[in-house]
Amino acid sequence: MTNLVFRRQFTVEWGHCDPAGIVFNSRFFEFFDWSAWRLFEVALGVRPSELGATFGIVGIPLVDARARFLKPAKFNDVADIASEVSEFRRSSFDMKHRISIGGELAVEGSETRVWASQDPDNPVKLKGIPIPAEVIARFRAGEPS
């Protein structure tokens, strides 16, 4: 069975770049985050702001992020990003992101996120809770049409 992969294309804007017109590295983490939230919206059919009401969670906070920069991205480049959940665990999951420019891999990224609810013992804190099987099943459905 294949993983659901969310794909989108975007053009690098001047605001993403340093004065030399090359994408500032931290911007790639924004691209990963945008794509992660869109993947969840597509897979679950729920806007991020509705996750709490629908699934009883506060969100999917990021607890680890990494990137490997293979090719610079520049102003006006058209980039393709592909994002997927690569592994589910009890209350956390890993994501992979691949950004290509002109068909060539430019950046590989990975994230670990947590299916999080408010901690009943301390409302200021978040707590990982088990990811429902029906949620996991939505990410194993294959490519969106």
Side-chain angles (χ1 to χ4, degrees), residues 1-55 57-119 124-145:
M1 191 170 289
T2 61
N3 291 338
L4 175 67
V5 178
F6 176 73
R7 298 176 193 282
R8 74 180 178 111
Q9 192 173 74
F10 64 95
T11 301
V12 173
E13 303 288 337
W14 183 252
H16 299 141
C17 299
D18 62 17
I22 298 170
V23 174
F24 186 62
N25 289 348
S26 66
R27 293 289 185 183
F28 289 104
F29 293 99
E30 289 179 56
F31 302 152
F32 299 160
D33 190 60
W34 294 338
S35 197
W37 285 104
R38 285 290 295 130
L39 171 64
F40 268 74
E41 188 173 346
V42 167
L44 301 178
V46 175
R47 292 182 179 268
S49 60
E50 299 166 353
L51 283 172
T54 306
F55 297 102
I57 62 171
V58 173
I60 53 171
L62 182 68
V63 295
D64 187 48
R66 299 167 191 264
R68 229 169 47 107
F69 304 101
L70 307 166
K71 175 185 174 182
K74 299 182 280 298
F75 176 59
N76 271 339
D77 279 349
V78 175
D80 295 289
I81 186 168
S83 300
E84 66 182 293
V85 175
S86 57
E87 181 182 355
F88 281 101
R89 289 178 292 283
R90 186 186 78 79
S91 61
S92 65
F93 55 94
D94 293 332
M95 296 194 67
K96 289 184 183 176
H97 306 280
R98 290 171 306 285
I99 297 177
S100 299
I101 297 169
E104 196 175 330
L105 185 62
V107 181
E108 289 180 313
S110 64
E111 299 178 322
T112 299
R113 292 176 176 264
V114 175
W115 190 258
S117 180
Q118 199 170 31
D119 186 336
V124 177
K125 291 185 176 182
L126 297 180
K127 178 180 181 178
I129 61 172
I131 303 168
E134 63 270 16
V135 167
I136 295 170
R138 300 293 294 274
F139 288 87
R140 301 292 185 233
E143 295 284 333
S145 309

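- Of the possible polar contacts, one joining the Arg138 side chain to the Ala43 backbone as a donor-acceptor pair under 3.5 Å is found.
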Under 3.5 Å, side-chain donor or acceptor atoms of residues 57-67 against the rest of the protein: list the pairs with distances, not counting sequence neighbours.
unit_1: Asp64; atom_1: OD2; unit_2: Arg66; atom_2: NE; d: 3.1

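- With sequence neighbours excluded, the residues satisfying side-chain hydrogen bond (donor to acceptor under 3.5 Å, both in side chains) with Gln9 are Asp80.
- Atom CZ of Phe69 has more than 12 neighbouring heavy atoms from other residues, nucleotides or ligands inside a 6.0 Å radius.
- Side-chain polar atoms of Asp94 and Ser86 form no donor-acceptor pair below 3.5 angstrom.
- Heavy-atom minimum distance, Glu108 versus Phe32: C-CZ, 4.4 Å.
- With sequence neighbours left out, the side-chain hydrogen bond (donor to acceptor under 3.5 Å, both in side chains) criterion links Ser92 to Arg89.
- For the residue pair Pro19 and Trp14, the shortest heavy atom distance occurs at O-CH2, 3.7 Å.
- Distance CD1/Ile22 to CZ/Arg27: 15.0 Å, rounded to 0.5 Å.
- Salt-bridge annotation for Glu84 and Lys96: absent, with no side-chain N of the basic residue lying under 4.0 Å from a carboxylate O of the acidic one.
- Taking the salt bridge (Lys or Arg N to Asp or Glu O under 4.0 Å) definition, one finds that Asp119 meets it with nothing, sequence neighbours left out.
- Asp18 pairs by the side-chain hydrogen bond (donor to acceptor under 3.5 Å, both in side chains) definition with nothing, not counting sequence neighbours.
- Residues passing the ring pair (Phe, Tyr, Trp, His ring centres under 6.0 Å) test with Phe55, sequence neighbours excluded: Trp115.
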